[in-house]
Amino acid sequence: MEQCRFCLDQEDPKKLISPCNCTGSQKYIHQACLNKWQETMMKNVFTYPETFSLSQVSKCGVCKSKYITKPYSKYWKWIKFFTPFISIIQQYSYSIILFLVTLALFSGLILITFLTNLLCILIICVAICYWKGIRPRIFATIDGIRLGFIRVGNPVAEIMPGMIISATSAITQGIFMNSKILITNYSPETGAVGFILNKRIGIEENLFYGIGGPVSPNSQHIIHNMGELPQSARVVDGIYIGGVLNQIHPEAKCMHFLGYSGWAPYQLDGEIRAGVWEIVGIATPDDVFI
Ligand SMILES: [Zn+2]
Ligand SMILES: [Zn+2]
């Protein structure tokens, strides 16, 4: 007599299958009934995970042979894939949680320590820079706005208009290398203005042309020895700045500068104290008009 071992139904014997090695009354089952049974077993993975094993679904519990039909559930491949992990996780759950918590705590600590150290180093760097008189400053150049750093220092009493300073070996490149500069304006609050004396680019009649410095390279400035010239100002005895070029007497001495050198308040003071510049002394006309 052929009947389904699950639903015990004898009707429709054509739909009965024999999926395992069982014989006798255990031999036949409906495909749908086998699926139902396997699905019930699969649910054990969630309800009784500690006793669940894949063979409960894929093998016959009586004859222990593998069912010839595969479990049809769409979740089967996932259950098959994760079951080994589930048992490992169950076995080591406390260790795993402990490990993850420890890892989280430690990585947090390490990150906080790292960030704190970074912040400390940054604060120390900024403090050292301020102590050394280094200040950030925004420069407007022909190429655009850029951020740079200047060195400031307490006022140096010897700096005054008419003073000549010369670059020390601390300047190893650029327009200021080996330069001698006549300071024409100075006050600690407004900074300093000067002109490089030894970067001459030509001479025309008795008019010398030179690069005064890197600031406003297209601006023109004259330094001469005609004290009476309108709109000119005395730098020091025998040296004057400004005035109208065509009023300069042919016999007069005159320097024509393109651009000038400028320092922010306390910047030249800081650079002199840092040994970037050396004070040469008060200029005489012979120093300037050579
Ligand atoms: Zn059945
Ligand atoms: Zn069997």
Side-chain angles (χ1 to χ4, degrees), residues 1-130 134 136 138 143-149:
M1 184 172 60
E2 295 176 2
Q3 68 166 20
C4 174
R5 73 187 191 203
F6 188 78
C7 64
L8 305 178
D9 199 340
Q10 294 176 14
E11 284 168 26
D12 217 354
K14 281 178 192 164
K15 286 188 177 170
L16 288 171
I17 57 163
S18 169
C20 61
N21 294 338
C22 286
T23 52
S25 63
Q26 293 294 307
K27 186 171 182 179
Y28 295 107
I29 191 166
H30 290 115
Q31 179 69 61
C33 290
L34 177 62
N35 290 342
K36 212 185 259 180
W37 167 250
Q38 286 177 319
E39 213 164 306
T40 313
M41 283 294 146
M42 271 184 223
K43 283 175 185 158
N44 286 345
V45 77
F46 304 111
T47 45
Y48 306 103
E50 64 278 2
T51 57
F52 177 79
S53 79
L54 293 170
S55 60
Q56 286 174 339
V57 182
S58 59
K59 285 180 182 176
C60 169
V62 181
C63 72
K64 307 292 179 199
S65 71
K66 220 168 172 185
Y67 290 127
I68 53 165
T69 54
K70 280 189 174 168
Y72 87 105
S73 167
K74 55 185 172 179
Y75 304 114
W76 175 240
K77 59 176 181 179
W78 295 110
I79 289 169
K80 230 161 105 176
F81 182 78
F82 281 113
T83 300
F85 296 107
I86 287 170
S87 66
I88 289 171
I89 287 168
Q90 283 210 316
Q91 204 172 343
Y92 299 106
S93 55
Y94 286 111
S95 313
I96 289 167
I97 288 168
L98 203 68
F99 174 74
L100 288 179
V101 167
T102 314
L103 191 72
L105 278 177
F106 262 91
S107 51
L109 275 179
I110 288 166
L111 189 69
I112 287 168
T113 312
F114 175 73
L115 290 178
T116 312
N117 286 0
L118 211 65
L119 194 69
C120 283
I121 291 168
L122 200 72
I123 288 171
I124 290 168
C125 284
V126 169
I128 288 174
C129 286
Y130 258 79
I134 292 166
I138 290 162
D143 303 326
I145 305 276
R146 70 176 178 88
L147 179 71
F149 293 91

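Any value given below was found using the heavy atoms of this structure, including those in side chains, with hydrogens, waters and symmetry copies removed. As the structure lists them, so they are numbered: ligands from 1, and atoms in each ligand from 1. Keep in mind the model is a prediction, meaning the values are calculated, not measured. Residue indices begin at 1 and follow the sequence shown.
If you take CG on L98 and OG1 on T102, they are separated by 4.5 Å, rounding to the nearest 0.5 Å. For the atom pair SG of C20 and NZ of K59, the computed distance is 12.5 Å after rounding to the nearest 0.5 Å.
For the Zn ion (ligand 1), the count of nearby protein N/O/S atoms, taking only those under 2.8 Å, is 4.
Between Q31 and N35, the side chains place a donor N or O and an acceptor N or O closer than 3.5 Å (distance only, hydrogens not considered).
By the neighbour-count criterion of 12 heavy atoms within 6.0 Å, atom CZ of F6 is densely surrounded, having more than that number from other residues, nucleotides or ligands. With a 6.0 Å radius and a threshold of 12 heavy atoms from other residues, nucleotides or ligands, W37 has its CH2 atom at or below the threshold.
Between F85 and F81, the angle of the ring planes lies from 30° to 60°, which puts this pair in the tilted group.
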